[in-house]
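Read the structure below first, then the notes.
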Amino acid sequence: MRIFFPYHRNILLTILLLFTFWGQQELAAQSKHELSVAGFGGLSTLKNPLLSNKMGGGFSAGYSYRFNEKWALCSGIEFAFYGAAYNATTLNESYPVASPIDNPQPGFDNAFTFHADYTGYEEKLSALYLQIPVMAQYAYPLGKNFLYGAAGIKIGIPLTATYKAGAQSLSTWGHSNYTGQDYTNEYGFGSSGNPSHNGNMETGPSAALAIEAGMKWILNEKFSLYSGFYFDYGLNNVNKMEDGTHSTIYNYPADYTYNSAVTGKMNLLAAGIKIKIAMGL
């Protein structure tokens with residue numbers, strides 16, 4: 001055994017080198033580094049019990065580092081558009097405000113309540129997020145193509161968030177405990193048809209669970225086409241509008257100011273089809 005050991009060792013080293021070279025050649029055929037651009041669309045909404053879902057989508061640029069033929073780490077940047085809608089046959093709110101009545105009498109109940117009554121209220125919400133995915137991808141060979149699946153997280157940063165609201169009618173009025181009267185046409189109160197207003201929403205960062213699955217089609221030595229489905233589920237509340245915030249704010253003698261009527265927890269939710277072109281480096 002001592003006589004033949006150096007010979008056996010040389011054979012083992014040769015086999016290991018051949019396997020290493022074969023593995024590198026196979027990985028090189030698929031490209032260790034990959035750049036990509038993608039477009040995606042489908043359900044893309046701000047999830048809240050008051051809201052109806054809307055369609056949306058976005059586009060992305062990505063980078064993948066391939067550890068071997070099957071495993072890769074993927075990241076990049078995405079611009080994703082989200083939307084939702086709120087509809088109410090009637091929307092009524094009331095809350096105490098400073099009395100607009102001149103010279104209220106000391107010792108009397110000077111409480112004053114403001115009322116805003118909408119009919120046919122509609123509100124459309126939209127948001128644009130910059131998202132950074134970090135995902136592990138697994139590819140299973142099917143002939144020269146691959147079946148792939150990926151999972152990870154996406155961190156979202158809000159770029160814009162707005163709302164547009166309108167109604168068939170709006171009536172504002174107030175009640176004074178001091179006089180015991182309702183006021184409908186003074187102190188800034190009244191009725192209007194087809195009122196509308198818009199503004200910015202207060203939204204925060206998002207953390208979402210992200211899943212993808214589909215096919216990777218090998219086009220040639222450098223380019224491949226991904227086609228598949230994606231699902232993103234936001235794990236946290238992105239709505240920074242505090243509960244109890246009023247949609248119509250009484251500022252007499254100044255004009256009214258407005259907010260979105262949607263409060264409470266809101267998270268990002270998206271699912272749809274994704275098409276990606278990738279280039280190996």
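Residue numbers start at 1 and run along the sequence shown.
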Q.
Do Y256 and Y163 sit in one hydrophobic cluster, given that two such residues count as connected whenever their side-chain heavy atoms are within less than 4.5 Å of each other, even indirectly?
A. yes

Q: Please check if F231 and F229 belong to a single hydrophobic cluster, counting links between Ile, Leu, Val, Met, Phe, Trp and Tyr side chain heavy atoms closer than 4.5 Å.
A: no

Q | Test item: side-chain donor near acceptor, E123 and Y121, under 3.5 Å | A | yes

Q) Just how far is it from atom OG1 of T203 to atom CG of N237, taken to the nearest 0.5 Å? A) 10.5 Å

Q | Ring centroid separation Y148 to Y140 under 6.0 Å | A | no

Q) Do F40 and F79 share a hydrophobic cluster, counting only Ile, Leu, Val, Met, Phe, Trp and Tyr and linking them when any side-chain heavy atoms are less than 4.5 Å apart? A) no

Q. C74 and S64: which non-hydrogen atoms are nearest, and at how many Å?
A. SG-OG, 3.2 Å

Q) What distance do L128 atom CG and I157 atom CD1 have between them, rounded to the nearest 0.5 Å? A) 11.5 Å

Q) If we ignore angles and hydrogens, is there a donor and acceptor under 3.5 Å between the side chains of D117 and W173? A) yes

Q | Linked, directly or transitively: L35 and V134 (ILVMFWY side chains, under 4.5 Å) | A | yes

Q) Given side chains that start at C-beta, do those of S176 and Q181 come closer than 4.5 Å, heavy atoms only? A) no

Q. Atom NZ of K32 and atom CG of N68: how far apart are they, to the nearest 0.5 Å?
A. 10.5 Å

Q | Near-ring test F189/Y183, centroid separation under 6.0 angstrom | A | no

Q. Please walk me through it: do Y250 and T257 pass side chain to side chain contact (heavy atoms under 4.5 Å, CB included)?
A. CA-CA 7 Å; Y250 181 62; T257 55; over 6 Å; no

Q: May I ask you to check whether Y86 and S260 show a side-chain donor-acceptor distance below 3.5 Å?
A: no

(Q) Could you report the tightest heavy-atom contact between N185 and G190, atom names first, then the distance? (A) OD1-CA, 4.4 Å

Q. Does one side chain, of S191 or S171, offer a donor that lies under 3.5 Å from an acceptor on the other?
A. yes

Q: Indicate yes or no: at least one non-hydrogen side-chain atom of L46 is less than 4.5 angstrom from one of L268.
A: yes

**Q.** Heavy-atom check, side chain of L269 versus side chain of D232, under 4.5 Å
**A.** no

Q. Which pair of heavy atoms, one from L91 and one from A261, lies closest together, and at what distance?
A. CD2-CB, 4.0 Å

Q | Electrostatic pair E34:K216 at N-O distance under 4.0 angstrom | A | yes

Q: Mind checking the OH-OG spacing from Y187 to S99? Nearest 0.5 Å is all I need.
A: 7.5 Å

Q) Once the angle between the rings of F67 and Y65 is folded into 0 to 90°, is it parallel (under 30°), tilted (30 to 60°) or perpendicular (over 60°)? A) perpendicular

Q: Ignoring hydrogens and angles, state whether a donor on the side chain of H33 or Y63 is under 3.5 Å from an acceptor on the partner side chain.
A: yes

Q) So with a 6.0 Å cut-off around OH of Y233, is the heavy-atom count from everything else above 12? A) no

Q | Closest approach of Y129 to G156 (non-hydrogen atoms, all atoms of both residues) | A | CD2-C, 3.6 Å

Q) Is there a side-chain contact between I249 and Y95, using heavy atoms and a 4.5 Å cut-off? A) yes

Q | Partner of N259 by side chain to side chain contact (heavy atoms under 4.5 Å, CB included), out of H246, H197, M241 | A | M241

Q: Indicate the atoms forming the closest heavy-atom contact of S52 with N87, along with that distance.
A: OG-ND2, 4.4 Å

Q.
So which atom in N239 and which in G264 form the shortest heavy-atom distance, rounded to 0.1 Å?
A. ND2-O, 3.0 Å

**Q.** Derivation of the side chain to side chain contact (heavy atoms under 4.5 Å, CB included) call for L225 and M215
**A.** CA-CA 8 Å; L225 173 69; M215 285 294 297; over 6 Å; no

Q.
Keeping N48 on the side-chain end and K265 on the backbone end, is there a donor-acceptor pair under 3.5 Å?
A. yes

Q. If two hydrophobic side chains count as joined below 4.5 Å and joins carry through other members, does W71 share a cluster with L73?
A. yes

Q | From M135 atom CE to K154 atom NZ, the distance as rounded to the nearest 0.5 Å | A | 6.0 Å

**Q.** Y226 and K274 side chains, donor-acceptor separation under 3.5 Å
**A.** no

Q: Sequence neighbours left out, what pairs pass side chain to side chain donor-acceptor pair (under 3.5 Å) with at least one residue falling in residues 130-139?
A: E78-Q131, Y82-Q131

Q: Decide yes or no for N267 and N236: does some side-chain heavy atom of the first lie under 4.5 Å from some side-chain heavy atom of the second?
A: no

(Q) When you measure from the side chain of S227 to the backbone of I275, do you find a donor-acceptor pair of N or O atoms at a distance under 3.5 Å? (A) no

Q: Say whether T162 and S126, considering side chains only, have a donor N or O and an acceptor N or O under 3.5 Å apart.
A: yes

Q. Y118 and T248: side-chain donor and acceptor closer than 3.5 Å?
A. yes

(Q) If you define the side chain from C-beta out and look only at heavy atoms, does anything of Y230 sit under 4.5 Å from I211? (A) no

Q. Any side-chain heavy atom of E93 sitting closer than 4.5 Å to one from S247?
A. yes

Q | Side-chain heavy-atom pair T119, T89 within 4.5 angstrom cut-off | A | no

Q) Roughly how far apart are L142 CG and W217 CH2, rounded to 0.5 Å? A) 8.5 Å

